[in-house]
Amino acid sequence: MRELLAELNRSLDARRPCVFCTVVETRGSTPQKAGASMVVFADGSQAGTLGGGCVEAEVKRHALAHLTGGPAGVPEIHTFALDDNYGWDDGLICGGRMSILADPLLAGRADYFRRFHAQVESGVGCTEAVIAQAELAPIGSRYLFDAAGQLLAQLGDGEPPSVVRSGLAPLADRPRPYHKAGVAYLPMLPRVTLLLVGGGHVAQAVAKLASDVDFDIWVLDDRTAYTSAERFPTAQKRLTGDIGQVLRDLAGSLDRSVFALIITRGHGHDEEALYHLASTACGYVGMIGSKRKIKLIYEDLLARGISRDSLDKVHAPLGFAIGSQTVPEIAVSIVAELIACRNLGRTIPQARLQVTL
């Protein structure tokens with residue numbers, strides 16, 4: 001969504017006509033869920049996707065009609081039943097329903113989307129509430145709220161209907177998009193920072209995949225060459241120094257929005273990293289290694305005063321059991337667990353993978 005909003009803002013700044021199309025409600029099985037978006041331009045090009053197939057093509061057709069002489073600036077909601085009429089040729093007979101808001105945007109709306117983009121870029125999260133029933137307010141009226149429920153911006157006259165505020169779900173609960181009382185709520189969840197302790201091959205592969213699924217990346221190593229921009233081009237922070245000292249300095253600032261992954265080049269570094277991370281408020285702490293290595297490190301840390309409760313929260317061994325052999329496959333198993341912890345707040349213990357280094 002960050003990239004799509006950036007493209008949308010560039011288009012509005014250039015006064016380039018476009019239609020912003022967003023899935024506002026789904027029922028049953030659908031190729032995309034609420035929150036999926038695309039921007040359609042007058043030349044027939046697009047950014048983003050609603051899942052492809054006949055539904056996307058039909059929405060695009062309506063959007064182009066707006067851009068080539070239809071009612072300017074009037075948002076519409078199009079609802080599709082994914083039956084024989086939509087999907088047979090593409091093999092997408094899902095049996096569900098999709099409601100999609102097609103919103104022809106005018107340059108005068110640029111301030112709202114500029115604020116929306118800035119809030120998403122900040123990583124602190126926000127919720128966009130979109131009116132989907134005309135009885136409440138004009139269809140397509142938009143209200144942007146921060147994580148505390150404060151109104152940041154709006155596209156619509158007057159105060160938001162009271163039902164809009166009352167339906168807001170706390171972002172701390174990481175809600176999925178939902179529809180309530182004629183309002184579509186499209187949360188943009190706070191981004192999670194992934195702190196990679198160790199800059200080796202596994203860390204490189206994990207960083208690449210984790211960036212693609214919207215984690216912010218920090219990498220720490222005691223070797224300058226292993227935290228370089230060449231090795232970690234997507235990292236927001238590259239920390240070089242004694243691992244224990246750096247983590248000791250960071251520990252107090254680490255909260256549930258930080259996931260820490262210990263994948264250093266040696267058991268001694270792993271143990272020192274876990275000593276400083278196990279008792280922090282991180283939302284996830286994981287350490288790579290065999291069961292024997294983990295057992296020995298845990299025994300040492302218990303002797304050093306780390307509590308059993310703190311160690312019980314550590315994901316070790318880590319990753320999902322997918323039979324991974326290569327470094328990229330190991331990265332897939334690890335990132336899958338990170339996604340599960342971020343989106344679900346948990347993983348399934350019996351699905352965990354032992355990675356031996």
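Numbering starts at 1 and runs along the sequence shown. Please read all numbers here as calculations on a predicted model, not as lab measurements.
- Between V192 and R174, some side-chain heavy-atom pair lies under the 4.5 Å cut-off.
- The closest side-chain heavy-atom distance from Y143 to P161 is below 4.5 Å.
- Under a 3.5 Å cut-off, the side chain of Q245 and the backbone N or O of D242 do not form any donor-acceptor pair.
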- Yes or no on salt bridge (Lys or Arg N to Asp or Glu O under 4.0 Å) for D111 and R114, after CA distance, side-chain angles and deciding distance? CA-CA 5 Å; D111 287 347; R114 195 175 291 116; 2.8 Å; yes
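- In this structure, CG in L155 is found 9.5 Å from CG in L144, a value given to the nearest 0.5 Å.
- Just one residue in the list V219, D212, I217 forms a side-chain contact (heavy atoms from CB on, under 4.5 Å) with T234, and that residue is I217.
- Note: H117 NE2 to N9 CG = 6.5 Å, rounded to the nearest 0.5 Å.
- Aromatic ring orientation, F259 versus F215: tilted (interplanar angle from 30° to 60°).
- Remark: D157 CG is loosely packed, at most 12 non-hydrogen atoms of other residues, nucleotides or ligands lying under 6.0 Å away.
- Residues R2 and R191 form a side-chain contact, since some pair of their non-hydrogen atoms from C-beta on lies under 4.5 Å apart.
- Figure legend: cation-pi geometry between R97 and F80 absent, as NZ or CZ is not positioned both under 6.0 Å from the six-membered ring centre and within 45° of its axis.
- No donor-acceptor distance shorter than 3.5 angstrom exists from the side chain of E329 to the backbone of A331, with no hydrogens or angles considered.
- Y298 is linked by a ring-ring contact (aromatic ring centres under 6.0 Å, His included) to nothing, counting only residues two or more places apart in sequence or in another chain.
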Review item, side-chain donor-acceptor pairs of residues 194-204, under 3.5 Å, at least two apart:
| residue | atom | partner | partner atom | Å |
| --- | --- | --- | --- | --- |
| Q204 | OE1 | R231 | NH2 | 3.1 |
| Q204 | NE2 | R231 | O | 3.4 |

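- The 12-atom threshold is exceeded at CZ of F113, counting heavy atoms of other residues, nucleotides or ligands nearer than 6.0 Å.
- Hydrophobic clustering keeps V163 apart from V24 (ILVMFWY residues linked when any side-chain heavy atoms are closer than 4.5 Å, directly or through intermediates).
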- Run the salt bridge (Lys or Arg N to Asp or Glu O under 4.0 Å) check on R27 and E25 step by step: do they pass? CA-CA 7 Å; R27 296 181 184 179; E25 185 180 16; 3.4 Å; yes
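- The environment of CZ in F41 is crowded: more than 12 heavy-atom neighbours from other residues, nucleotides or ligands sit within 6.0 Å.
- With salt bridges taken as basic N to acidic carboxylate O contacts below 4.0 Å, one links K293 and D270.
- E56 has its side chain within reach of M38: a pair of non-hydrogen atoms, C-beta onward, lies under 4.5 Å apart.
- For the atom pair I322 CD1 and S333 OG, the distance stands at 5.0 Å (nearest 0.5 Å).
- Between L220 atom CG and T227 atom OG1 the span is 8.5 Å, to the nearest 0.5 Å.
- Residues forming a salt bridge (charged side-chain N to carboxylate O under 4.0 Å, His left out) with E135 (at least two apart in sequence, or on another chain): none.
- In this structure, the side chain of R223 does not engage the main chain of T240 through any donor-acceptor pair within 3.5 Å.
- Cluster annotation: V285 and M287 are assigned to the same hydrophobic cluster (Ile/Leu/Val/Met/Phe/Trp/Tyr, side-chain heavy-atom contacts under 4.5 Å, transitive).
- A side chain to side chain donor-acceptor pair (under 3.5 Å) with Y284 holds for exactly one of E337, R256, R342; it is E337.
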